[in-house]
Asker: 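Starting off with a structure, shown below.
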Amino acid sequence: MFYFFTQNKLTQTKYIFYKEVIMVYNFCAGPAMLPEAVLKEVQSELTNYSQCGASIMELSHRSEIFDKVCREAKINLKKLMKLDDSYDVLFLQGGASLQFSAVAMNLGLDDLPAGYINTGIWSKKALKEAKRFTDVVEIGSTEASGYKNVPKQNELNLSEPLSYVHYAPNETIGGLEFDYIPEVDCPLIADMSSTILSQDIDFSKFDMIYAGAQKNIGPAGLTIVVIKDTLLARSKLALNKEHQTMPMLMNYSVQSEHDSMYNTPPTFGIYLAGKVFEWLLDLGGISAIELVNQEKAKRLYSYLDESQLYSNPIAHANRSIMNIPFVLQCKSDTEQTAELNSRFLKAAEEHNLLNLKGHRSLGGMRASIYNAMPLSGVDALINFLKAFEQSTI
Ligand SMILES: *Cc1c(COP(=O)(O)O)cnc(C)c1O
């Protein structure tokens with residue numbers, strides 16, 4: 001990703017600069033890096049979209065031009081995910097977090113509990129929120145052992161009938177990932193905020209997938225929901241129940257019937273997400289980007305594992321290929337871990353490697369390496385990690 005600084009600001013920064021362009025790699029967990037090619041294209045048409053004389057941000061969501069943008073984004077997302085017409089794509093707002101409530105309100109049933117798998121901060125938060133609207137059972141958890149792995153299929157408690165099963169295939173904060181798709185006898189729902197479009201999995205095994213766009217798809221403010229017709233029908237029943245209090249805006253069938261335009265949708269986010277989908281299709285689809293993602297993760301984990309200074313605590317089979325947390329082992333008598341960490345972060349920034357600080361709940365470091373992070377960014381990080389380790393010996 002390129003950051004552009006004015007001459008004036010440049011004098012205040014310590015970043016290496018050439019030809020007015022400063023190369024930085026942004027390892028933020030979200031909002032995260034976007035593909036440079038997409039940003040450049042957006043920049044080139046920002047004030048005059050498709051020769052219409054206005055910015056895409058200035059167009060009515062009911063205009064023909066925007067309608068085309070929206071329709072194509074939907075078609076291309078389904079093409080990437082290889083999903084048929086039994087699925088609809090909704091472009092919503094409120095982030096992945098609003099889906100924690102929406103899923104329970106729309107898809108919870110009066111006579112059955114919903115099953116939740118608890119593998120980290122996000123899936124636990126989803127469970128707690130769902131409890132406010134429906135009966136919930138925890139059908140698997142690795143909380144007691146500190147979220148270092150995920151429950152195996154045969155460890156899931158699936159003996160009782162459930163309204164649906166919810167889980168987070170990739171826990172963004174813990175850097176923990178499922179190495180399988182749970183087999184269940186009810187609708188399967190996944191919070192894929194930090195993993196959607198990163199790996200070529202069978203998306204048709206899911207009845208609903210949702211994601212905040214700001215990690216692997218586009219800008220913050222857009223939430224993607226991919227939902228099967230059977231669950232749309234269920235959400236319609238929920239809306240028509242007596243004494244229901246669900247806002248119309250949160251109802252999936254209402255949103256689907258209005259093509260996500262029950263009110264003004266996040267138009268710029270949809271436009272930008274559409275560009276990212278095209279970028280991925282041009283690259284060769286999800287299987288092509290997955291090769292790069294696997295290679296990036298392999299290189300980084302290999303180095304962390306052989307190093308004496310850094311370590312990652314997650315069981316190898318469940319290591320995330322998108323979010324890689326690591327801690328620094330302080331061996332000095334004169335320097336505390338906190339000082340070592342802040343020295344590390346300062347040096348990383350001087351090398352144009354930004355936002356490596358881990359989540360506030362875990363401390364340590366975290367490198368988020370979503371689709372838009374090029375291999376060169378991971379190599380630059382590894383080179384820096386090596387040099388910093390040398391400097392501590
Ligand atoms: C970031 C994240 C969320 C929260 O997303 P918001 O859009 O900020 O609500 C939820 N779940 C997962 C897995 C995430 O990575």
Side-chain angles (χ1 to χ4, degrees), residues 26-34 90-105 114 116-133 140-143 147 150 164-179 181-182 188-199 201 203 206 208-226 249-250 255 260 265-266 268-270 272-273 276 293 297 314 318-325 355 357-362 366-373:
N26 175 11
F27 294 90
C28 189
M33 272 181 91
L34 287 162
L90 310 178
F91 296 122
L92 308 178
Q93 304 187 54
S97 301
L98 191 64
Q99 294 309 311
F100 296 168
S101 345
V103 163
M105 284 178 152
Y116 277 71
I117 310 179
N118 170 10
T119 53
I121 288 171
W122 288 119
S123 55
K124 188 177 177 186
K125 224 173 164 181
L127 180 158
K128 275 179 74 176
E129 180 69 10
K131 260 191 192 160
R132 304 179 63 230
F133 306 103
S141 172
T142 49
E143 186 173 3
Y147 297 132
V150 308
Y164 62 83
V165 162
H166 177 282
Y167 81 116
N170 183 67
E171 284 283 357
T172 321
I173 296 170
L176 184 66
E177 182 165 59
F178 274 75
D179 52 343
I181 299 173
L188 182 63
I189 300 174
D191 172 3
M192 289 202 190
S193 294
S194 51
T195 182
I196 190 166
L197 310 183
S198 71
Q199 287 179 69
I201 57 170
F203 291 102
F206 298 86
M208 177 178 154
I209 291 162
Y210 65 92
Q214 69 273 21
K215 282 152 192 170
N216 223 6
I217 287 180
L222 169 67
T223 310
I224 307 267
V225 167
V226 179
L249 260 183
M250 285 176 72
Q255 289 287 6
S260 306
F268 187 73
I270 295 168
L272 214 152
V276 172
N293 289 335
I314 305 300
N318 296 135
R319 284 173 155 186
S320 168
I321 65 165
M322 292 281 103
N323 311 95
I324 305 189
N355 297 317
K357 193 174 181 172
H359 190 267
R360 59 188 185 279
S361 64
L362 289 191
R366 173 176 48 169
S368 292
I369 51 173
Y370 300 114
N371 285 351
M373 173 64 68

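Atoms within a ligand are numbered from 1 in the order they appear, just like the ligands themselves. Computation of the quantities below employed the complete heavy-atom set of this structure, encompassing side-chain atoms and omitting hydrogens, waters and symmetry-equivalent molecules.
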Asker: Hey, could you give me the NZ/CD distance between Lys124 and Glu171, rounded to the nearest 0.5 Å?
Answerer: 11.5 Å

Asker: Using the rule side-chain contact (heavy atoms from CB on, under 4.5 Å), only one of Asn118, Leu176, Ile117 pairs with Val150; which is it?
Answerer: Leu176

Asker: Check the angle between the aromatic planes of Tyr167 and Phe206 and answer parallel, tilted or perpendicular using the 30° and 60° thresholds.
Answerer: parallel

Asker: So how far is it from Met322 CE to Ile369 CD1, rounded to the nearest 0.5 Å?
Answerer: 6.5 Å

Asker: In residues 208-218, what donor-acceptor pairs under 3.5 Å come from side-chain atoms, sequence neighbours left out?
Answerer:
residue : atom : partner : partner atom : Å
Tyr210  : OH   : His166  : NE2          : 2.7
Asn216  : OD1  : Asn371  : N            : 3.0
Asn216  : ND2  : Ile196  : O            : 3.0

Asker: Check each N or O atom of ligand 1 against all protein N or O atoms and list the pairs under 3.5 Å, with atom names and distances to 0.1 Å, one per line.
Answerer:
residue  : atom   : partner : partner atom : Å
ligand 1 : 7 (O)  : Ala96   : N            : 3.0
ligand 1 : 7 (O)  : Gln214  : NE2          : 2.9
ligand 1 : 8 (O)  : Gln214  : NE2          : 3.4
ligand 1 : 9 (O)  : Ala96   : N            : 3.2
ligand 1 : 9 (O)  : Ser97   : N            : 2.8
ligand 1 : 9 (O)  : Ser97   : OG           : 2.6
ligand 1 : 11 (N) : Asp191  : OD2          : 2.6
ligand 1 : 15 (O) : Thr172  : OG1          : 2.3
ligand 1 : 15 (O) : Lys215  : NZ           : 2.7

Asker: Strictly distance-based, threshold 3.5 Å: is any side-chain N or O of Ser194 a donor or acceptor partner for the main-chain N or O of Asn170?
Answerer: yes

